[in-house]
Amino acid sequence: MTTVTTDRAARPSWQMLALLRMELLALRRNWTATALSVVTPLLIGLLLTSGYGGQTVPGVRRVVSVTALIMVFVVHHHLTTVYASRRQENVLKRMRVGLPSDRTILLGTASSTVLTFLAQTAVLALYAILVLDLPVPRHPLVILFALLLGAAVMAAFAAVLSAVTRSSEAAMLTTLPSMVIFLATPGALLPLGALPAPIERVLWFLPTGPFTEMLRVGWLAQTDEGRALGFWDSHLLALPSAGVLLVWLVIGAWLTRRFFRWEPRHV
Amino acid sequence: MEDVVIEVNQLRRSYGEFEAVRGVSLAIGRGELFALLGTNGAGKTTTIEALEGLQRPTSGEVRVLGLDPIADRSAVRPRTGVMLQHGGFTGALTVRETIESWRALTVRPRATRDMLETVELADRADVAVEQLSGGEGRRLELALAVMGRPEVLFLDEPTTGMDPASRRRTWDVIRELQAGGTTILLTTHYLEEAEVLADRVAIMQGGHIVSRGTPEEVVHTLPARITFRSPEGSDLPDLPHGTLSVDGDRVAYETRDLQGDLSQLLDWATATGVRLYGLSARPATLEDVFLDIAGEHDNAGHRLEREEVR
């Protein structure tokens, strides 16, 4: 056992697992956080989608918009509080004097929140298919890719905003503008077609625009105008969206590098 | 010094306008225990954090095991152990869970039971970290720092907030590591700790090292003291190496030759039949050195004269 440990403790993937385990333990212990980040969004999500039984297009649009809502709340808002509290507890600082690299620490700390989000999405999708009788997603790969990219963008901005967040209470304030921006996108909280087309086209470039479009295309295999798409067309159509999300991810990662704080403010 | 393990060269570090460390140099050999002494704000933590790779020097250079703790992070980390000044735990986890979590992040870690026994927390293993007393928390920190049998150990105020029993236990752990050849740099504001543990000490004040050497050498820069209560109706003698000061009914001689001056004083007392009540004679302690330096610097209009004290 000792010899195996030697190698793996230095491996980023193993370190990430160790950090994930630590975060899951903390989540299990802290009921308020668990309820807030796991149970509440899911319940709200289930409530908001019920009533769309059997209505394929509006139903899927609704499920997708609720997925965006959960993602913004969990992977952006909640993760901001996680980063802030780990920083205030000096856990991040302590980790930095150990083996994991800065990137591993950031990813590892986010991992349990991202997994939570993916699990919530899975439950929501099952509910949509089994209870609401919506069709089975046509291109799961597009959907999975969108979920991972979207979560990565949200996590990056959570890391940035945690720099100006001192506590969970403060996070209500610091993440309010970004939550509004992320949600005020057609397809997220705004229904498609609610705003004049030019404005809608501009707002589409916010992260949740391409994110929700990828989910809709991946689920329904058709454009928002209703044109049916083949396998390749669906994946091809997802590329510009993925590109925009990647740009956001690069911006978020750069801002994180620039502004992330590893220590509580005291000097 | 052949095998220099920790090297600091003209280290400076500013936080905005404030310069916390103003040109510190150190060389610590393998197996040495070096103590950085100073009050809060003296620059001890910034110095040790530069060596831990947490603070980037504004100018100057730090080397641990010949490597740059920031640029060569992945090569340095498996060989060092660090105890930070404050916390570093997720409060909801138990002691055992915390140790096990950190074991997964440590190369060749010592066994959980071994760690619990080393820092005497075996009976607290299933208690949440946030329930621990200050001293217990520090001991848990110590366990994490020594878990990987480090070659170099950094301890930032390891015994702050500890009761005497915890402090002794911590000293024992540090001594065991020292005997095993670990190079240790610790910061403390307990002079006794430095006197008991350290091979060499440096006293920091306002971002400078103002005095350094073995504890004895540093102490020798100050005179010993002879004190007693003022005897009535007799003139006090002049001692060849001593300077006399009288404060109320307390008489004090500061002397560079304790033995010589003390025998002269006692001869005088015997000859004149004077009884010296409350007689005490003792060499200077680090405490005196410390207060002396702190006093000088507080009065010296701050930063200008620091280098002269050396």
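No experiment lies behind these values; they were computed from the predicted model shown. Letters A, B, ... are given to chains in the order of the sequence lines, protein chains preceding strands, and every chain is numbered from 1.
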Rounded distance [0.5 Å steps], OG1 in B:T90 versus CG in A:N90: 11.0 Å
Decide if atom OH of A:Y127 counts as having more than 12 heavy atoms of other residues, nucleotides or ligands within a radius under 6.0 Å. yes
Interatomic spacing from CZ in A:R21 to CD in B:E97 - rounded to 0.5 Å: 7.0 Å
So, the part of A:W14 with a heavy atom under 4.5 Å from chain B: the answer is side chain
Measuring from atom CZ of A:R96 to atom CZ of B:R73, what distance do you get when rounded to the nearest 0.5 angstrom? 5.0 Å
Gap between atom CE of A:M16 and atom CG of B:L105 - 0.5 Å precision: 12.0 Å
Identify the two heavy atoms, one from A:V97 and one from B:R77, that lie closest to each other, and give their separation to 0.1 Å. O-CD, 3.2 Å
dist A:M22:CE -> B:E100:CD (nearest 0.5 Å) comes out at 11.5 Å
What I'd like to find out is whether the side chain of A:R29 reaches to under 4.5 Å of the side chain of B:E130, using heavy atoms alone. no
Should we say atom CG of A:L141 is surrounded by more than 12 heavy atoms from elsewhere, each under 6.0 Å from it? no
Is chain A contacted by the side chain of B:E49, its backbone, both, or neither, given a heavy-atom distance below 4.5 Å? side chain
When only pairs under 4.5 Å are counted, which of B:V76, B:L93, B:T80 shares the most heavy-atom pairs with chain A? B:L93
If you count heavy atoms of other groups shown closer than 6.0 angstrom to CZ of B:R175, is the number above 12? yes
Under 4.5 Å to a heavy atom of chain B? For A:S85 that would be neither
Checking B:T98 against chain A: side chain, backbone, both or neither under 4.5 Å from a heavy atom? neither
Which atoms of B:L84 come close to chain A, meaning under 4.5 Å heavy atom to heavy atom: side chain ones, backbone ones, both, or neither? side chain
Chain B: which of A:P100, A:A26, A:G98 shares the most heavy-atom pairs with it under 4.5 Å? A:G98
Donor-acceptor contact present, side-chain A:R94 to main-chain B:V82, <3.5 Å: yes
Checking heavy atoms, do the side chain of A:L19, its backbone, both or neither come under 4.5 Å from chain B? side chain
Contact origin within B:Q85 toward chain A - heavy atom pairs under 4.5 Å: neither
What do you reckon, is NE2 of B:H86 surrounded by more than 12 foreign heavy atoms closer than 6.0 Å? no
One option among A:L17, A:L92, A:D102 has the most heavy-atom pairs under 4.5 Å with chain B, and it is A:D102
